[in-house]
Amino acid sequence: MTKKDDELTSKPDAPIVAHDLLLRVEEAEATLAAIRAGEVDALVVSADGAPRVFVLKGADHAHRTLLETLNEGAMTVSGDGTILFANRKVAEMLGRPLSKVLGASLRGCVGAAEAGTFDALLAAAQGGSAKGEITLAQASGAPLPVMLSIRDAGEEDPTFTVVATDLTPLKAAEAALRQANDELEARVAARTAELVKANEALREADRRKDEFLSMLGHELRNPLAPILTAAEMIRVATHGDARVERFRSVIERQARNLSRLVDDLLDVSRITRGTITLQTKLVDLGTIVRSAVDAARPLVDASGHTLRVALPAAPVLVQGDPTRLEQVIVNLLNNAAKYTERGGEIALSVVQDKAAVTATVKDNGIGMPAELLPRVFDLFVQGERALDRSQGGLGIGLTLVKSLITMHGGTVEARSEGVGKGSEIVVRLPHVRRDGPSEKAHPVEEDPGNVQRALVVEDNADAADMLSELLGLWGYDVRATKSGEEGVSVAATFCPHVVLLDIGLPGMDGFEVARLLRATRPTSQALLIGVSGYGQEADRRKAEEAGIDHQLMKPLDPQVLKGLLERAKGRRARSS
C-alpha cells in the first residue's frame with residue numbers, strides 16, 4: 001500500500017466516496033447498455049454548471065419515425081395479446097393515452113362476441129400471417145371496425161406485429177352505397193311497376209284496337225258485298241250499254257278500292273300481331289304477276305298510265321303463298337299508279353338467276369327524297385303529294401309488301417334518284433329449281449249441263465238478295481235463308497250442289513252449320529263456300545276442320561266465285 005492509499009483509507013469518509021464511485025460506474029454501464037439497446041434517445045450532460053443535451057440517433061431511428069407517421073395503427077403484441085409497443089395512431093384509434101395502451105391487452109379491447117375471432121387470428125398467424133376484420137371498443141364504448149394484419153415476429157417467445165386499419169370511412173362509404181342502391185332499386189321497382197302498368201294498358205288498348213278493326217272490317221264488308229254483286233249484275237243485265245257500263249264501272253272500281261283499303265288495314269294489324277300464316281306451295285310467279293296485273297289494271301287505266309310487263313317465257317318457280325304474293329304485286333302497281341302523274345309509264349319485270357327471282361316495279365313518277373328511302377317501308381309513312389294527284393291510301397301498302405316478302409324469306413328495296421325522277425321497288429325471292437318440265441294447271445271449260453242448285457245462308461238481306469240474283473243470272477236454282485237453323489232445314493229437302501255460307505251468322509254460326517251439312521247425306525258432297533267479313537287466320541283453320549271447301553272474304557269477287565263454281569261443276573260432270 002502506498003503512502004497515498006494510506007492517506008485515503010485513513011480518512012473517515014473514504015468508504016462513502018468509494019461507494020459513490022461504484023454507483024456512478026454502474027450507472028454509466030447501464031446508460032451505455034441502454035444506448036446500445038436503442039432505449040435512449042438523448043443524454044443530458046452537466047459541464048461547468050451548464051447542462052447540455054446530446055441527441056442520439058440509433059440505427060432504427062428512421063423506422064421509429066416511419067411508424068409514428070403512419071396513418072395506421074402499428075403494434076407489437078405478445079402471444080397472450082399484451083401490447084408491448086404501439087404507435088400514437090393506436091392510442092388515437094382507441095381514444096386512450098399511449099401510456100394506458102402500452103401493457104394493456106389488445107384482446108381486452110375486443111368485444112366478447114368477437115374474442116374467439118381474435119384468438120383464431122393469433123393462432124393462424126403463428127409461424128406466418130393472418131388477416132381479418134374485427135371490431136374494437138374505444139374508450140367511449142363506441143365500436144371501431146378495423147382490419148387486423150398480423151404477422152409472427154419470429155422470436156423465441158410468441159410475439160406478433162399487428163397493423164390495424166380503421167375501416168370506419170370504408171364502412172360509411174359502403175353504408176352510403178347501400179342506401180343509394182336501395183333508393184335506386186326502389187325507384188327502379190316503382191318505375192318498372194309504372195311501365196308494367198302502362199304496358200298492360202297498351203296491350204289492352206291494342207287488343208281493343210284489333211277488335212275494333214276486325215269489327216270495322218266486317219261492318220264495311222257487309223255493304224260492299226251487295227254493291228259489288230249488284231255491279232256485276234248490272235254488267236250482265238245491260239248487255240254492253242256504254243253509258244250504263246261507264247257508271248257501273250265507277251261503282252265497281254271504287255267499291256274495290258274501298259275493299260282493298262279495308263283488307264290492307266286488317267292485314268297490317270294481323271302482321272304486327274304475328275297472326276298471319278302463309279299457305280305456301282310451289283307456284284309460278286309469272287302466273288301470279290298476270291293475275292295481279294289484271295287486278296291493278298282498273299286503277300292504272302283510270303290514271304291514263306302505260307303499263308309494260310316483261311316476263312320470262314319459262315315458268316318462274318318460287319315457294320310461296322299465291323294470294324299473298326299477288327297482294328304484294330298489286331300493292332306495288334297501285335302504289336306506282338298513285339305516285340305517278342297522269343299519263344305516266346310503269347314497268348313491271350321479272351328476271352331469275354341461279355339464286356333468286358327478282359320482280360321490279362319502276363315508274364317515272366314523283367320519286368322520293370333521299371331521307372324518305374330508309375323509312376318508306378315503315379307503317380303510315382307516305383311521300384308528299386299535291387291535292388290534285390291524291391289517290392287516297394293509308395300509308396300501309398309498302399309496309400305490307402316488306403312484311404309479306406320477309407315472311408317468304410325474301411328482301412325488298414326502294415330506289416329513287418330524287419324528287420321528280422321516279423321510283424323503283426325491287427323484290428327478291430329465293431328461286432326454286434325443279435327437274436323435268438313444269439306442270440301447269442289448265443282450267444277446264446265446263447259445259448253448263450243441267451241446272452245446279454245453290455243455297456245462300458246470309459243474314460244481311462241486301463247481300464243475300466244480290467248474291468241470289470247473281471247466281472240466278474248464272475243459271476242456278478237459288479234458295480236463300482237468313483239463319484243457320486233455317487239453312488240446315490232447307491238444305492235437307494232442297495239438296496243444293498253449292499252452299500254459300502256466311503260465317504258470322506247470329507245464333508248458330510257458319511262453322512256449326514257446315515258441320516251439320518257435312519253430316520247430312522244430301523249435302524255431304526256439296527261445295528261449301530264460307531263467306532267472312534273478319535278474315536282471321538284462326539277462321540281459316542276452323543273452316544277446314546268444319547269441312548268448308550273454300551273461304552272467301554267479303555265483298556265477294558264475282559269472277560273468283562264464278563271460277564270456283566265452274567270448276568266444281570266440271571268435277572261433278574266428270575264423276576257422273
Starting from the C-alpha separation in whole Å, work towards a yes-or-no answer on side-chain contact (heavy atoms from CB on, under 4.5 Å) for L500 and L471.
CA-CA 10 Å; L500 279 89; L471 291 170; 4.0 Å; yes
Is a salt bridge present between D321 and K281, judged by a nitrogen-to-oxygen distance below 4.0 Å?
no
Hey, what do you get for CG (L501) to CG (L552), rounding to the nearest 0.5 Å?
11.5 Å
Contact check, side chains of V419 and I366, non-hydrogen atoms, under 4.5 Å
no
Would a distance-only check, ignoring hydrogens and angles, find a side-chain to backbone donor-acceptor pair under 3.5 Å from S403 to L400?
no
With salt bridge (charged side-chain N to carboxylate O under 4.0 Å, His left out) as the test, would you mind laying out the steps for K197 and E200 before giving the verdict?
CA-CA 5 Å; K197 185 176 180 180; E200 290 175 352; over 6 Å; no
If we check side-chain contact (heavy atoms from CB on, under 4.5 Å) with T481, which of these qualifies: V488, L455, V513, L505?
L455
I'd like to know whether CZ of R243 has more than 12 heavy-atom contacts from other residues, nucleotides or ligands below 6.0 angstrom.
no
Are Y476 and L470 side-chain neighbours, meaning at least one heavy-atom pair lies under 4.5 Å?
no
Trace of the salt bridge (charged side-chain N to carboxylate O under 4.0 Å, His left out) decision for E512 with R515
CA-CA 5 Å; E512 188 174 354; R515 284 190 288 269; 5.4 Å; no
Working note: K542 + E545, criterion salt bridge (charged side-chain N to carboxylate O under 4.0 Å, His left out); need CA distance, chi angles, decisive distance, verdict.
CA-CA 5 Å; K542 289 181 180 179; E545 295 169 358; over 6 Å; no
Which heavy-atom pair separates W474 from K562 by the least distance, and what is that distance?
CH2-CB, 3.7 Å
Could you check whether any side-chain heavy atom of I529 comes within less than 4.5 Å of a side-chain heavy atom of I548, counting everything from C-beta outward?
no
Please indicate whether R191 has more than 12 foreign heavy atoms, meaning atoms of other residues, nucleotides or ligands, lying under 6.0 Å from its CZ.
no
S489 side chain to E485 backbone, donor-acceptor under 3.5 Å
no
In sequence, state the C-alpha distance, the side-chain angles, and the governing distance for K482 and E486, and then conclude on salt bridge (charged side-chain N to carboxylate O under 4.0 Å, His left out).
CA-CA 7 Å; K482 297 182 179 180; E486 185 183 359; over 6 Å; no
Return the minimal non-hydrogen interatomic distance between T523 and P496, and the atom names on each side.
CG2-CD, 3.7 Å
With a 6.0 Å cut-off (strictly less than), is the heavy-atom count around CD of E245, excluding the residue itself, greater than 12?
yes
Does the pair L348 and I329 meet the rule for a side-chain contact (heavy atoms from CB on, under 4.5 Å), with working shown?
CA-CA 9 Å; L348 168 57; I329 302 300; 4.1 Å; yes
Could you tell me if E326 and S291 have a donor-acceptor pair between their side chains, going purely by distance under 3.5 Å?
yes
Working to the nearest 0.5 angstrom, can you tell me the gap between C495 SG and R479 CZ?
11.5 Å
For a quick test of reading the model, state the closest non-hydrogen atom pair linking H431 to D353 and the distance between them.
ND1-O, 3.0 Å
Please lay out, stage by stage, how R324 and T280 fare under the test side-chain contact (heavy atoms from CB on, under 4.5 Å).
CA-CA 9 Å; R324 296 303 183 183; T280 62; over 6 Å; no
Before giving the answer on side-chain contact (heavy atoms from CB on, under 4.5 Å), spell out for L333 and V361 the whole-Å C-alpha distance, their side-chain angles and the decisive distance to 0.1 Å.
CA-CA 7 Å; L333 291 174; V361 176; 4.2 Å; yes
Of all heavy-atom pairs between H497 and Q452, which one has the smallest distance, and what is that distance?
CG-OE1, 3.3 Å
If I take atom CG from residue L307 and atom NE2 from residue H305, how far apart are they, to the nearest 0.5 angstrom?
10.0 Å
Any chance you could measure Q352, atom CD, to T358, atom OG1, to the nearest 0.5 Å?
9.5 Å
With heavy-atom distances below 4.5 Å as the criterion, would you say the side chains of N460 and D502 are in contact?
no
Heavy atoms, side chains only, cut-off 4.5 Å: are V350 and L285 in contact?
yes
Grab the two heavy atoms, one from P558 and one from L228, that are nearest each other, plus how far apart they are.
CG-O, 4.3 Å
Check this for me: does any side-chain nitrogen of one of K554 and E458 sit under 4.0 Å from a carboxylate oxygen of the other?
yes
L556 vs L467 side-chain heavy atoms within contact, under 4.5 Å
yes
Over all heavy atoms of both residues, which pair between V289 and L311 is shortest? Give the atoms and the distance, please.
CG1-CD2, 3.9 Å
Within a reach of under 6.0 Å around CD of E413, are more than 12 heavy atoms found that belong to other residues, nucleotides or ligands?
yes
Rounded to the nearest 0.5 Å, how far apart are CG of L373 and CE of M368?
5.0 Å
Check: P555 and T229 side chains under 4.5 Å, non-hydrogen atoms:
no
So do F494 and R453 actually touch side chain to side chain, heavy atoms under 4.5 Å?
yes
Anything under 3.5 Å between a donor and an acceptor, one on a side chain of residues 420-430, the other on a protein residue two or more places apart or in another chain? List them.
none

T399 side, atom OG1; F377 side, atom CZ - distance, nearest 0.5 Å:
9.0 Å
Quick test of your reading of the model: are D549 and R518 salt-bridged, counting only N-O distances below 4.0 Å?
yes
Just checking, is any N or O donor in the side chain of Q327 or N331 under 3.5 Å from an acceptor N or O on the other one?
no
